[in-house]
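Everything below concerns the one structure shown next.
Note that these values count all heavy atoms, side chains included, but never hydrogens, waters or copies made by symmetry.
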Amino acid sequence: MSTTNVFSTEREVQAPSITLPDSLKPNSRLKMDGLKLLSCLPKEAVPVAFLDPQYRGVLDKMNYGNEGKSREKRRSSLVQMTEAIIEDFIQGINDVLIPSGHLFLWIDKFHLCQGFSNWFTGTQLEVVDLIVWDKERIGMGYRSRRVSEYCVVFQKQPKKAKGVWKIHNIPDVWRERKEAKDHPHQKPLKLQAELIAAVTNEGDYVIDPAAGSFSVMKAAHLQNRNFIGCDLDG
């Protein structure tokens, strides 16, 4: 009896070549609104996007009472995203992803538990995986102390792994020590680099419309990919 291998180490899905407007200089730290960046990109043109929304989920739910004073000063000072703005970002990402393209969404524990499916209404994005980042540093918490963050993996229809996802040794619990903070939303460089390698080919574009520390740009360059991203703070 023959069996069909569901794995592949080559990508059959190819991203098209794209022409960017002069305002979108690739491989640079653009200072602009992420929604504007998404609106300037051609439709169904990029294979992967990252999004780390600046929501107040953790701060509001924990409500320690001294955010911005003795704790979380840098995080509290950032421009907050409303639920409606997050939905607009996700819709914009849905529009620019190629069929079977991926979105890696960083999310906090509270939204993960309470649900976020309403953010994806009207899109072609479906959850296909979840990766837990063990930061190897203990954080705050009234009850359990936080050592993890969560990356939800979405794929645009048609949903498939074979011929699309080409690296198969990424664990769903990833241990990477959180280094000194360049930014309140600092994310794991090595994990993001592996995820980029899994769902793109060399020379492909990786986008991040809310780039923060621009760690995704660094990760893309480690894998010889191009980057398009921005942040309000540049």
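- Rounding to the nearest 0.5 Å gives a distance of 9.0 Å between CG of Asn226 and CG of Leu20.
- The 12-atom threshold is exceeded at CD of Gln14, counting heavy atoms of other residues, nucleotides or ligands nearer than 6.0 Å.
- Using a 4.5 Å heavy-atom cutoff, the side chains of Phe154 and Leu51 are not in contact.
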- Message: Show, in sequence, the C-alpha distance, side-chain angles and deciding distance for Lys190 and Glu176, and conclude whether the salt bridge (Lys or Arg N to Asp or Glu O under 4.0 Å) test is met.
- Response: CA-CA 8 Å; Lys190 294 177 183 177; Glu176 182 175 340; 5.9 Å; no
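- Note that CG of Asp88 is 12.0 Å distant from CD of Glu83, once rounded to the nearest 0.5 Å.
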- Message: Go through it in stages, so that I can follow the logic: the residues are Ser215 and Gln192, the test is side chain to side chain donor-acceptor pair (under 3.5 Å), and I'd like the CA-CA distance, side-chain angles, deciding distance and then a yes or no.
- Response: CA-CA 8 Å; Ser215 62; Gln192 292 181 134; 3.0 Å; yes
- Let me see the working for Tyr205 and Ile18 under side chain to side chain contact (heavy atoms under 4.5 Å, CB included), right down to the final yes or no. CA-CA 9 Å; Tyr205 281 94; Ile18 62 175; 3.7 Å; yes
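- Inter-residue side-chain proximity for Asp231 and Met32 is flagged as unmet; no heavy-atom pair is nearer than 4.5 Å.
- Under the 4.5 Å side-chain contact rule for hydrophobic residues, Val173 and Leu112 share a cluster.
- Between the CG atom in Leu30 and the CZ atom in Phe227 there is a gap of 8.0 Å [rounded to 0.5 Å].
- Judged by distance alone, the side chain of Gln155 and the main-chain N or O of Val128 form no donor-acceptor pair under 3.5 Å.
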- Take Arg225 and Asp204 through the salt bridge (Lys or Arg N to Asp or Glu O under 4.0 Å) test and state the conclusion after the steps. CA-CA 5 Å; Arg225 273 60 167 177; Asp204 282 350; 5.8 Å; no
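- Ring pair His111/Trp119 is tilted by interplanar angle, where 30° to 60° counts as tilted.
- Interatomic distance, Arg11 CZ to Lys166 NZ, rounded to the nearest 0.5 Å: 7.0 Å.
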Distance-only check: which donor-acceptor pairs under 3.5 Å involve side-chain atoms of residues 94-104, not counting sequence neighbours?
{"residue": "Asn94", "atom": "OD1", "partner": "Gln124", "partner atom": "N", "Å": "2.9"}
{"residue": "Asp95", "atom": "OD1", "partner": "Gln91", "partner atom": "NE2", "Å": "3.1"}
{"residue": "Ser100", "atom": "OG", "partner": "Pro158", "partner atom": "O", "Å": "2.6"}

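- Taken together through direct or relayed side-chain contacts under 4.5 Å among Ile, Leu, Val, Met, Phe, Trp and Tyr, Leu35 and Phe120 form part of one hydrophobic cluster.
- Side chains of Leu232 and Asp33 form a contact here, defined as non-hydrogen atoms less than 4.5 Å apart.
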Expected list for residues 36-49: side-chain donor-acceptor pairs under 3.5 angstrom, two or more places apart:
{"residue": "Ser39", "atom": "OG", "partner": "Lys36", "partner atom": "O", "Å": "2.6"}
{"residue": "Glu44", "atom": "OE2", "partner": "Lys156", "partner atom": "NZ", "Å": "3.4"}

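- Contact annotation: the side chain of Leu189 approaches that of Leu222 to within less than 4.5 Å [non-hydrogen atoms, C-beta and beyond].
- A pairwise comparison of heavy atoms in Ala210 and Met81 identifies CB-CE, 3.9 Å as the closest pair.
- For the pair Val206 and Phe50, the minimum side-chain heavy-atom distance is below 4.5 Å.
- Between the side chain of Trp165 and the backbone N or O of Ile167 there is at least one donor-acceptor pair closer than 3.5 Å.
- Considering NZ of Lys178 and CG of Asp134, their distance stands at 12.5 Å, rounded to 0.5 Å.
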- Query: Checking side chain to side chain donor-acceptor pair (under 3.5 Å) for the pair Gln157/Glu126: CA distance, chi angles, key distance, verdict?
  - Reply: CA-CA 7 Å; Gln157 298 173 3; Glu126 298 183 44; 3.1 Å; yes
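- In this structure, the side chains of Leu125 and Ile90 come closer than 4.5 Å at one or more pairs of heavy atoms.
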- Message: Before you tell me yes or no, could you show the steps for Phe116 and Ile86 under side chain to side chain contact (heavy atoms under 4.5 Å, CB included), namely the whole-Å CA-CA distance, both residues' side-chain angles and the distance that decides it to 0.1 Å?
- Response: CA-CA 10 Å; Phe116 48 86; Ile86 293 173; over 6 Å; no
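- Under the 3.5 Å distance criterion, the side-chain polar atoms of Arg177 are matched with a main-chain donor or acceptor of Glu136.
- Between Lys109 and Glu149 there is no salt bridge, since no side-chain N of the basic residue sits under 4.0 Å from a carboxylate O of the acidic one.
- Between Pro209 and Phe89 the shortest side-chain heavy-atom distance falls below 4.5 Å.
- No continuous path of ILVMFWY side-chain contacts below 4.5 Å connects Ile196 to Val164, so the two sit in separate hydrophobic clusters.
- The shortest heavy-atom contact between Asn169 and Glu194 is OD1-OE1, 4.5 Å.
- No side-chain heavy atom of Pro53 sits less than 4.5 Å from a side-chain heavy atom of Ile107.
- Cation-pi geometry between Lys187 and Trp133 is not satisfied (NZ or CZ under 6.0 Å from the ring centre, within 45° of the ring normal).
- In this structure, Met217 CE and Asp208 CG are separated by 10.0 Å, a value rounded to the nearest 0.5 Å.
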